[in-house]
Amino acid sequence: MDYEPQEIEPRWRQRWAEEGRYEADPGDEEATFITVPYPYPSGGMHLGHARTYTVPDVYARYRRLQGDNVLFPIGWHVTGTPIVGAVERLKKGEQAQLDSLQNAFGVPESDLKDLETPMGFARYFIEEADASYKRGMNSLGLSIDWRREFTTNDDRYSQFITWQYESLKDRGLLEKGLHPVKYCTEQENPVTTHDLLEGEDVEYQEYSLIRFSNEDVIFPMATLRPETVRGVTNAFVNTEATYVEATVDDESWIVSEEAAEKLGLQDHEVTVERTFTGEEIVGTTVENPVTGEEIIILPAEFVDPDSATGVVMSVPAHSPDDYVALQEAKDRADELEPYGIDPEAVRSIEPVPILSIEGYGEIPAQSAVEDAGIESSDDPELAEVTKELYNDEFHKGKLSESYGEFGGEVIADIRDELREHFQSEGAFGLMYDFPEPVISRAGGKVVVAFQDTWFLRYNDEEWKAKASRAVENLECIPDNTREQYTHTIDWLEEWPCIRNYGLGTKLPWDDDFVIEPLSDSTIYMSYYTVAHLIDDIPVEELDRRFFDTLFYGADAVENGDVPGVEESREPVERALELREEWEYWYPVDVRISANDLIQNHLTFFLFHHAELFDESNWPEGITIMGMGLLEGEKMSSSKGHVVLPGEAIEEYGADTVRFFLLNSAEPWQDFDWRGDLVGNTRDQLQRFWNRAQETIEADIPEDASEELEHIDEWLLSNLQTTIAETTDALDRYESRTASQTAFYQFEEQLKWYRRRADLDRPGAKWTLREVLRTRLRLLAPFVPFMANELYEQLTGEPAEEAAWPEPDPAFESPLVEVRESLVDSTTEDIHDIIDVTGTDPETVRIYVAPAWKHDVFETVRETGPDVGAVMGKVMQDEQLREKGDAVNDLVQDLVEYVRERDDETLAALGDVDEQAVYESATGFFEREFDAAVDVYDAGGDIEDPAGKADQAVPFRPAIHIE
RNA sequence: GCGAGGGUGGCUGAGCUUGGCCAAAGGCGGCGGGCUUAAGACCCGCUCCCGUAGGGGUCCCUGGGUUCGAAUCCCAGCCCUCGCACCA
């Protein structure tokens, strides 16, 4: 029977579906609960996703073979704006979106209209599309319990999330506050990264506003380097731009027109009193709030009125930009007279350094500009020089003594403190803005606005302490991720957990808001335990009391000791029944997720479990997964640089796809899907299949197992090692090591076995069948279609009905392995000699070391690798003493030999009858070298034409060819 | 700058935790052979240098060190990747 995955695989898919094979219900067996992030169907499924879900599947299948009752569920995450945004972009006919849908995911024109509602879009990629997740998951043979699927937009799920957030609020872990957000001035609405047309990567900056003043009028100047306040020599405004005088809160401010609008959105009361062009304030002098010095406002074209306040302070000693601008202003000082500026006053402006830094002159900006040979503000190198100087000053610059308590400190250490100091003194204000233009997809300018927002208080000390404890007992795979969780818990601050629109659950007490995706997915694993059993319960009955009963039990509800709920209440009968499901499955044994989610989602997952559930229900393990590359480059649905599981499975078969994904890298390493390598994997599987067929068809007598020879025992001994190593590797989630061991590494052993053994013997046939029977079970988690098919052909039942193999001590034999290693090394030696001499021998003579040499070996083995000690003992023997140097050389050799080997091997070597080993392999040697082979005892009266026999040492026979 | 992970033979990629059986697995590529009418597929062997006897030399980013012995441990340096921070 040929290997036809397209014929085999659909049969198994159908069987599994019909049997409900992977539907798991509570039972007597040990429960294993494996979860993976539910997919976000804002597009189709590609191969990167395929591995995400196949890794947990392999583990699930492994645990099932181990006898566990395994639950592997899946749901669908649709919360928030990405899907809504995708629909909007589609409806607008945006080309990038159409490309992604049609080219990357093969959506036909006729289906596009189905995608015009958010849930229609989601539903399409959940199950309808060719590239839908459900189709992909089924094709891959994932052992999912499909009864439990849901979406995060379902009413019942929302009731669950409502319970979660009401509980958290009662526990004081939610807080309302103002928060800077990206805000579209066109739609007058907050926007997310997905809503941006331009500037997706731009983060807003927190600018210090230095409150320069003229009389009662404030001229706030924005800077990201508040420590330079003492180095300001002048200011710049754009003469062409529009500025306003506005009442800001109770003060009079002069800023650009754009800045006035932004300030109005940042919790300031702003009334524009008067509008004028920048020209008007050129020449004005203003007072530095820190130094009290008067500085003059100069004109400059480069000032962008849409950046921060539109009034720029100049620090020529530390900003190459400012330094060059000031030089240019001096050169053209005479042109400033019409503004009422005295040219001499401009020419007399000198940079004022406020910090010292090694590697630069006294005026760092000057030396930086001069060293780079920059002469004009048009020089493209200026930006680079500026960046470099800023970096150096931040990390290495020491502030001058005029800063009092901050003097002598490195900027990086005191910038924040210094800013707060001047803020509290009233010298500084604060403003948020983007350093680059940001444009929304609606075409409007995006600015930073303050919005009322609800926060999760991840900075709560008690909560952090609980989360830290959850990490302590967590199995982190790989182990070096543990530190990252701890680190994240340490620095995590408040997290805004709502959005203004999108799919999902409304904030229970304010339905203007929706709970955002990273916040509505922290404990949903518990929902899987009952998801398939609550469809018949009316939505409104899934209330607070229901979930309290479900998760905390009747006692907690009756006694009113559910945190935040004071009155005693009746438990809900149905919830008590369901509680058994939850108690059976929980906690999550392992969460398998992506490494970039450690900093947010996975840590949130720990926080929420630590708060809402007892310690016994905290997650037990998290395994991290790496990313996928395609032919060496990052996969990207928007660029169409993806392979769809359906395409790959059609070309190679699901087993090949799975095997490649699991075997080419450990789960936490990045993998690279390369067509040539995948093709090779398919060929290997096919070869395995063909060999298996020979074994399945072989006619094996009943009593064949009684005719095992040494080489059969050797293979079986190796098989036991393979079982142990594969099991250990899978216990550590090392899918690559496990599959390499069970598949490729054992193939190497088989290669030797085939060369060595007479395969027509019943004993050999029996051995190969035994090997196949074991290997199919070891491989079943990886290639379930093939393994089940072959196992059924071999034994009459699928591999998944059988048990995971365990090493059989009866077949473990170091002695057998050591004996074979002697044959192997001798074979290699003979080959070497033949290769080097270039001869084709007719006779090969093998001389085994004589008994006295083996006696010396025994002495070395007993004494240990110490030449002096061994010689002392050996020389007590008169006969050996007579041999003199020969003994000395031998001891040197043997000490080396013993030092390099472990005790078990040495013990086995002590039991070996070397001559018998080579004699029994004579037939093999003769076939291998096509020559007559004779084995001699080097100590006997023997034929030794070249006088080689003396060279024999234990386990290294002398060899002569002729 | 901080944190994490790396630098291995033509390429890819194991080994490094637990130093010695490591000239260093496997795959790809290349070379030779078998099978075949032929190609492909498949099977076998070779693939750092020198060598007509199983040996020797050089080698795992660079330079030191520890050790009887280092790809593996320690120190210093260089370079790369990824996060974060910082930065008009």
Side-chain angles (χ1 to χ4, degrees), chain A residues 203 205 207 222-225 228 302-304 307-308 312 314-315 318-322 325 382-396 410-413 415-416 435-436 478-481 483-484 487-488 491 595-596 598-599 626-627 632 634 660 663-666 668-670 672 674 676-681 683-684 686-687 690-691 736-737 740-741 743-745 747-748 751 754-755 818 821 824-839 841 846 865-867 892 895-902 905 946 948 951 955-962:
Chain A
E203 289 292 321
Q205 304 282 352
Y207 289 86
T223 180
L224 290 163
R225 304 200 298 161
T228 59
F302 66 81
V303 173
D304 180 359
S307 174
V312 176
S314 168
V315 187
H318 300 291
S319 162
D321 283 331
D322 291 349
L382 187 57
E384 206 178 300
V385 168
T386 299
K387 189 178 162 71
E388 197 178 313
L389 179 62
Y390 278 29
N391 232 327
D392 285 349
E393 290 193 343
F394 180 71
H395 295 295
K396 293 187 265 177
V410 173
I411 308 299
D413 298 336
R415 176 178 286 167
D416 290 346
E436 290 169 40
D479 193 56
N480 62 23
T481 54
E483 215 178 294
Q484 297 182 51
H487 185 239
T488 305
W491 64 245
N595 57 14
D596 52 339
I598 292 177
Q599 292 106 317
M627 306 227 133
K634 211 169 168 176
F660 183 84
N663 185 266
S664 60
E666 300 294 2
W668 47 88
Q669 298 172 327
D670 293 349
D672 187 3
R674 284 174 38 191
D676 55 342
L677 299 183
V678 182
N680 194 262
T681 301
D683 295 345
Q684 300 276 3
Q686 180 161 7
R687 213 167 302 163
N690 292 340
R691 288 248 157 83
R736 175 184 156 82
T737 303
Q740 287 271 350
T741 303
F743 194 79
Y744 291 106
Q745 199 176 299
E747 283 299 322
E748 293 293 304
K751 219 162 149 181
R754 284 189 210 104
R755 193 164 144 198
V818 158
S821 74
D824 186 9
S825 60
T826 301
T827 308
E828 218 168 282
D829 281 347
I830 298 171
H831 268 299
D832 278 351
I833 296 168
I834 291 172
D835 286 350
V836 170
T837 57
T839 47
I846 296 172
D866 178 334
V867 178
Q892 299 278 358
V895 161
E896 190 88 342
Y897 187 87
V898 165
R899 186 184 274 147
E900 290 168 0
R901 269 150 255 261
D902 60 45
T905 308
K948 294 281 180 191
Q951 289 177 7
F955 320 116
R956 192 94 206 263
I959 293 161
H960 179 248
I961 63 173
E962 54 188 278

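Numbered from 1 within each chain, the chains take letters A, B, ... in sequence-line order.
Among the protein residues, A:Glu896 comes within range of no part of the nucleic acid, since none of its heavy atoms lies under 4.0 Å from any strand. As judged by a 4.0 angstrom heavy-atom cut-off over every strand, A:Gln745 is placed among residues making no nucleic acid contact. Within 4.0 Å of A:Pro841, counting heavy atoms only, lies no atom of the nucleic acid at all. Here A:His960 lies in heavy-atom contact (under 4.0 Å) with a base. Counting any heavy atom pair closer than 4.0 Å across all strands shown, A:Ala946 reaches no nucleic acid atom. If you check every strand for non-hydrogen atoms under 4.0 Å, A:Arg225 touches sugar and phosphate atoms only.
For A:Phe660, the ring-ring contact (aromatic ring centres under 6.0 Å, His included) test picks out A:Trp673, with sequence neighbours left out. A:Glu962 meets the salt bridge (charged side-chain N to carboxylate O under 4.0 Å, His left out) test with A:Arg845; sequence neighbours excluded. Evaluation of the salt bridge (charged side-chain N to carboxylate O under 4.0 Å, His left out) rule for A:Arg736 yields no partner, not counting sequence neighbours.
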List, with names and distances, any nitrogen or oxygen atoms from the protein found under 3.5 Å away from nitrogen or oxygen atoms belonging to nucleotides 50-52 of chain B.
unit_1: B:rU52; atom_1: O4'; unit_2: A:Val836; atom_2: O; d: 3.4

What N/O pairs connect the protein and nucleotides 40-45 of chain B at under 3.5 Å? Give each pair on its own line.
unit_1: B:rC42; atom_1: OP1; unit_2: A:Arg687; atom_2: NH2; d: 3.2
unit_1: B:rC43; atom_1: OP1; unit_2: A:Arg687; atom_2: NE; d: 2.7
unit_1: B:rC43; atom_1: OP1; unit_2: A:Arg687; atom_2: NH1; d: 3.2

Please tabulate the protein-to-nucleotide N/O contacts below 3.5 Å involving nucleotides 6-11 of chain B, giving atom names and distances.
none

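Summarising the geometry of A:Tyr207 relative to A:Leu224, their closest heavy-atom pair is CE2-CG, 3.6 Å, with the distance given to 0.1 Å.
Residues A:Glu393 and A:Arg225 have side chains in contact (heavy-atom distance under 4.5 Å, counting atoms from C-beta outward).
Side-chain N/O atoms of A:Asn680 include none lying less than 4.0 angstrom from OP1 or OP2 on B:rG27.
Nearest to the side chain of A:Arg899, among B:rA53, B:rC68, B:rC21, sits B:rC68.
The CD1-P distance, from A:Ile833 to B:rG54, rounds to 7 Å in whole Å.
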